[in-house]
Visitor: 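For reference, the structure I am asking about is given below.
Proteins come first, then strands; the chains are lettered A, B, ... in the order of their sequence lines, and each starts at number 1. Heavy atoms only: backbone and side chains are in, while hydrogens, waters and symmetry mates are out. Since the structure is predicted, the reported quantities are computational estimates derived from the model, not experimental observations.
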4 protein chains.
Amino acid sequence: MESPSVEATDPPARGPRHASILLAATAIIAERGYHKASISDIIARAGIARGTFYLYFSNKRSVFEEILEQAIERLAEAIRPIELGPDSLPPRTQLHANLTRVLSLLLSERALCSLLLDNSLSPDPEGQQPLASFFTRVRAMIRSSLDTGIEMGLLRPCRTEWVAAACLGAVRGVVGQLLETPDLPELGQLVDEIIDFALHGVIARPDAF
Amino acid sequence: MESPSVEATDPPARGPRHASILLAATAIIAERGYHKASISDIIARAGIARGTFYLYFSNKRSVFEEILEQAIERLAEAIRPIELGPDSLPPRTQLHANLTRVLSLLLSERALCSLLLDNSLSPDPEGQQPLASFFTRVRAMIRSSLDTGIEMGLLRPCRTEWVAAACLGAVRGVVGQLLETPDLPELGQLVDEIIDFALHGVIARPDAF
Amino acid sequence: MESPSVEATDPPARGPRHASILLAATAIIAERGYHKASISDIIARAGIARGTFYLYFSNKRSVFEEILEQAIERLAEAIRPIELGPDSLPPRTQLHANLTRVLSLLLSERALCSLLLDNSLSPDPEGQQPLASFFTRVRAMIRSSLDTGIEMGLLRPCRTEWVAAACLGAVRGVVGQLLETPDLPELGQLVDEIIDFALHGVIARPDAF
Amino acid sequence: MESPSVEATDPPARGPRHASILLAATAIIAERGYHKASISDIIARAGIARGTFYLYFSNKRSVFEEILEQAIERLAEAIRPIELGPDSLPPRTQLHANLTRVLSLLLSERALCSLLLDNSLSPDPEGQQPLASFFTRVRAMIRSSLDTGIEMGLLRPCRTEWVAAACLGAVRGVVGQLLETPDLPELGQLVDEIIDFALHGVIARPDAF
DNA sequence: AATGAATGAGGGTTCATTCAT
DNA sequence: CATGAATGAACCCTCATTCAT
C-alpha cells in the first residue's frame, strides 16, 4: 500500500508539467539571463497558458529558486569529501574524481552553468542567496581539506581562507572560459592541469624566481 | 571625414553634465545594485530633469556601458606587462605591484566591482560584451606572460590557455570573497598569498602526494 | 409545457450538494465579505471539486443571487400586513411583532445583512436587481399601510411615498448602526423606540417648536 | 512673487489632469460600482494613457479615497450645527436649511450619491473606512442635537443613539428612493415632509392608536 | 455525477523613452 | 540646452470558467 502523501509538497503540484516548466525556465535563463527572463518567455517555451504556470509555482522567484536548488543539489552530490584513511584512494585520485564529476556535470548542461556563474543572481537583497551560500559551503569544504593537509604536513602552511577562495575561483575561471568555446576538451587532461596548478603552481623549480 | 572633432561620442555631447550623470549612476549602482538602478534614481541623484538625461545618453544601457568602459580602462591601466629585461625589477615584484594596484582599485570601489563581477550585464546576445572581451584580453596577457616564462625556463610547461584562466579565476575568487566581508585585510599579505598560490601551489614539498 | 417537474431551476439540478454550496457560500460571505468571496473559498468550504460547483450553479453570481432570494423570502415571511379588523390585535402590537421578527432575523445572521445592505450586489445594469425590487415592495407595503391609516383617520395626511421611504430608511439606519457594535441590545426596547419615533417623532409636545 | 510651492502635495501633482481623472473615476463608479471600476475604465473615460494615471495618483485606492474625501467635505460643509441662541433662527428653519443644502447637493450629483449610499465601499477591511466614520460623525452630531433638545425640554426623552441612527436612515431612505426616479420633486416640500416625519411622526393625534 | 488541470482575459502597476514647450 | 508631463508596452499575478476524463 503506497501512501498517497509520500512527497506532498506545497500548494503547487508535481507532475510532467512541473518538470517541463522547470526545463523551459532553465533554457530561458540560459539564453536571456535571469533578470530578463519573464513569465511570458517561460510559458511560451513550455507551451502552457499563463494561469497554468501558477498552478505549479507560486510565483516567478520560486521557479528560479527550485532550479537553483536542483542544480546545487546535483553539484553537491558530485563533490565528495576527500578521505585520508589508510584504505582510501590517494588524495589526488579522489580530487581528480571530484573535479571530473563537477566539470562533466557543468559542461553537459550549459544552462545550468550560466545560472551558477552568474554573480548577479540574488534576485533581491531581501531574499537570502542560496547560490552564495552554496559557494560559501564549497569554500568551507575546500578550506577544511587544506587545513587537514597542512596539519598532516602534506600541504604548506598558508592563509587557507584566501587560498580556498583562490582554488574555487580557479575552477570557476576555467569553466567560464570553456563556456566561451564551442568544443569541449578531453576532461582528464583538463582536470590534471587544474590539479597540477593548484598543487604545484606554475613555477619550474622551487628556487626559480 | 566630416567632423574635425576629437571624438565622436553618442548622439549627445560631453560636458560637466555628462560627468555628473555618470557619477550619479555609479553611486546608484553602489547603493541599489545594477538591476534595480532606475533612470528616476539617477536623475534624482544627479539633480537633472528626465529629458536632460537623454541629451547625454541615448538610453539606460549606454550609461552603464560607459561606466563599465571607464572601469575597464582604469583596471587596464593598473595592469602592466611583466618586463623581463636585465634592468627590470624582479618579475615577482612586478607581479606584486600589478596585483596590488588591481585589488586596491577594486576594493576601494565596490560599485565598480558589482559591475565587473556581474556576468549578466549585457544580456543582449547581439551586443558585444565589453566585459567579456576585457577578461579575454587579460587572460591573453596572462597567457602570454606564462608562455614567455616557460620559454625562459622559469615556469614549467603547461596548457597555458587553461592555466591563464585558472590564474584569473583565482584572483576573481579572492575578490569575490572579500566583497562578502565588511572589513578589508592587509593588502600586501593578501597579494603575497595569491602569488605564492599561483607560483607554488599548495603542496608542501615537490614530492609530497 | 414540457416538463412536469415542479420547478425548473438553473441548468443544473437540486439536491443536497446544491444546499451545501449555498451554505458554504453564505459562510464565506460572512467571513470575508461579498466582494472577496471566491469560488475557491466556497468549494473548499463545501468540500467539493471545482467543476461540481458549475453543475449546480451556472456562475458565481447565481449563487449569491440565490442566497439573496432566500434571504428576501425569509424577510418577506417575517413581514405581515397590518390587519385592522375588529378582531385583530392592536396595530401597534402587530407592527411591533413585525419589526421584532425582522430585526431578530437580521441580527442573527450578519452574513445576510451584508448582502442586504450592500447596494452594489448586482452591478450589472442589464440584470434586474432583486434587492432593489424587494425594497420597493416593502416600501409599497408600508405606503399602503400608511394610506389605510390616513383614510381611517389614525394617521395624519402626508406624502406617503416619501414617508414610507423614510420609515424604511429609519429601520435600515438602526440596523446598520447595530451591525457596527458587537453586542446586541434588548430587542423589545429597540423596537419600541423605533415605533415611537415613527409614530410620534421626537418632539416633546405638539406645539413645541 | 508667487511661491512655487504654495500647495506642494505628495509625489502626485495637481492640475487639470488631476481633476479630469477624478471626474472620470466618479462617473465610472456611478455607473459600474466601486468594485467593478477598473483603471482601464477610468483612463479610457479620462482619455489619458495608463502611465499618466499614476502620475497623479499613487494607486487605485487613492483615487477613490480622494473622491470620497471631497464628497464628505462638501457634505460636511452643507451641514451646520443647529444654534439655539436667542438671536438664532428658529431650529426648524435651521434644520430646513441644512436638509435643503444636503439634498440639493446630493440630487445634483447622482454619481456622488452612489458613492455615499454604497455600504460596500470599504475597499479592504485593513483600510479604515472614511465613509463609515463620516456617517458616524453625522450620527453623533444628530444625537448631540437631540440631547440638547431633550435637555431644553423641546424634545421628548428617548434613546438618542438609536433615534439618531433612525433620523439619518430616514434621510438616506428618501434620497435612495429619489435616485430611482428620473425627475426631482420640489425640494422645499420634500424637506418639510421629512422634518414633519422626524418631529411628529405619522400619528394623527397623540392619543390615536 | 463528479473531477480538477488547464485556460486566458483581465487586474493593477512600473518605467524607459519621447516631445512639445 | 533643458524640461517634465505624457506615453504605452511590458511586467507579475488572479480567478471565474471550461472540458476531457
Side-chain angles (χ1 to χ4, degrees), chain A residues 12-18 21 35-43 46-63 123, chain B residues 12-13 15-18 35-44 46-63, chain C residues 12-13 15-18 35-44 46-63, chain D residues 12-18 21 35-43 46-63 123:
Chain A
R14 299 232 166 251
R17 271 317 210 290
H18 185 97
I21 294 174
H35 287 94
K36 295 206 136 185
S38 73
I39 301 279
S40 295
D41 292 331
I42 296 170
I43 62 175
I48 60 169
R50 213 165 198 74
T52 307
F53 175 90
Y54 290 93
L55 241 38
Y56 294 93
F57 296 91
S58 49
N59 54 40
K60 185 188 174 184
R61 269 196 75 171
S62 69
V63 212
Chain B
R17 267 331 208 304
H18 186 95
H35 287 97
K36 295 200 138 186
S38 72
I39 299 281
S40 295
D41 292 330
I42 296 171
I43 62 174
I48 61 169
R50 213 164 196 75
T52 308
F53 176 91
Y54 289 90
L55 245 36
Y56 292 93
F57 295 90
S58 51
N59 54 38
K60 187 187 172 184
R61 266 196 78 181
S62 68
V63 210
Chain C
R17 270 327 208 305
H18 186 96
H35 287 97
K36 295 202 139 185
S38 73
I39 300 279
S40 295
D41 292 330
I42 295 170
I43 62 175
I48 60 168
R50 214 166 196 73
T52 307
F53 176 90
Y54 288 90
L55 245 35
Y56 292 92
F57 294 90
S58 50
N59 55 38
K60 186 185 173 185
R61 267 196 77 182
S62 69
V63 209
Chain D
R14 298 233 166 250
R17 268 321 209 290
H18 185 97
I21 293 174
H35 288 95
K36 296 207 135 185
S38 72
I39 301 280
S40 296
D41 293 331
I42 296 171
I43 62 175
I48 60 170
R50 215 163 194 73
T52 308
F53 176 90
Y54 290 91
L55 242 39
Y56 294 93
F57 296 91
S58 48
N59 53 40
K60 186 188 173 186
R61 269 195 75 172
S62 69
V63 211

Visitor: Side-chain N or O of C:Ser38 versus OP1/OP2 of F:dC15: is the shortest distance under 4.0 Å?
Guide: no

Visitor: Could you tell me the Watson-Crick or G-U partner of F:dT14, where both distances fall under 3.5 Å? Say none if there is no partner.
Guide: E:dA9

Visitor: Using only side-chain N and O atoms of B:Ser40, determine if any of them is under 4.0 Å from OP1 or OP2 of E:dC15.
Guide: no

Visitor: Just to confirm, is there a sub-4.0 Å distance from OP1 or OP2 of E:dA2 to any side-chain nitrogen or oxygen of C:Tyr56?
Guide: yes

Visitor: Can you tell me if the side-chain N/O atoms of C:Tyr54 get under 4.0 Å from OP1 or OP2 in F:dT17?
Guide: yes

Visitor: For the pair made of CD1 in D:Ile43 and C1' in F:dG8, what is the distance, rounded to whole Å?
Guide: 9 Å

Visitor: Say whether, by atom type as modelled, one donor and one acceptor occur between the side chain of B:Asn59 and the main chain of B:Ser62 under 3.5 angstrom.
Guide: yes

Visitor: Rounding to a whole Å, what distance do you find between A:Ile42:CD1 and F:dC11:C1'?
Guide: 13 Å

Visitor: Round to a whole Å and report the spacing from CD1 of B:Ile48 to P of F:dG4.
Guide: 11 Å

Visitor: For A:Lys60 and for D:Gly51, find the nucleotide of DNA chain F with the closest heavy atom, then tell me which residue's nucleotide is more 5'.
Guide: D:Gly51

Visitor: Check the distance between F:dC12's C1' and A:Asp41's CG and give it to me in whole angstrom.
Guide: 13 Å

Visitor: Taking atom CZ of C:Phe53 and atom CD1 of C:Ile39, what is their separation to the nearest 0.5 Å?
Guide: 3.5 Å

Visitor: For the residue pair B:Tyr56 and B:His18, does the interplanar ring angle fall in the parallel (under 30°), tilted (30 to 60°) or perpendicular (over 60°) class?
Guide: perpendicular

Visitor: Return the 5'-most residue of the pair B:Gly47, D:Ala49 with respect to DNA chain F, ranking by each residue's nearest nucleotide.
Guide: B:Gly47

Visitor: Looking only at the side chain of B:Thr52 (C-beta and beyond, no hydrogens), which of the listed nucleotides E:dT7, F:dA16, F:dT3 gets closest?
Guide: F:dT3

Visitor: Nearest heavy atom decides the nucleotide; on that basis, is B:Ile39 or D:Asn59 closer to the 5' end of DNA chain E?
Guide: D:Asn59

Visitor: Rounded to the nearest Å, what distance is computed from the NE2 atom of residue B:His35 to the P atom of nucleotide E:dA16?
Guide: 12 Å

Visitor: My understanding is that a pair needs two contacts under 3.5 Å, Watson-Crick or G-U wobble. By that rule, which nucleotide pairs with F:dT21?
Guide: E:dA2

Visitor: Please test D:Arg17 against D:Leu55 for side-chain contact (heavy atoms from CB on, under 4.5 Å), starting from the C-alpha separation and ending with a verdict.
Guide: CA-CA 9 Å; D:Arg17 268 321 209 290; D:Leu55 242 39; over 6 Å; no

Visitor: What is the distance, rounded to the nearest whole Å, between atom NE2 of A:His18 and atom P of E:dG4?
Guide: 20 Å

Visitor: Report yes or no: is there a donor-acceptor pair, N or O only, under 3.5 Å between the side chain of D:Arg50 and the base of E:dT13?
Guide: yes

Visitor: What is the separation between atom CZ on D:Phe53 and atom P on E:dG11, rounded to the nearest whole Å?
Guide: 13 Å

Visitor: Expressed as a whole number of angstroms, how long is the span from D:Lys36:NZ to E:dG12:P?
Guide: 13 Å

Visitor: Locate the shortest heavy-atom distance separating B:Ala37 from B:Lys60; write the atom from each residue and the value.
Guide: O-NZ, 3.0 Å

Visitor: Do D:Ile43 and D:Thr52 come close enough that some side-chain heavy atom pair is under 4.5 Å?
Guide: no

Visitor: Counting side-chain heavy atoms from CB outward, which of F:dC13, E:dA5, F:dA6 is closest to A:Leu55?
Guide: E:dA5

Visitor: Picking from F:dT3, E:dT7, E:dT17, which would you name as closest to the side chain of B:Arg17?
Guide: F:dT3

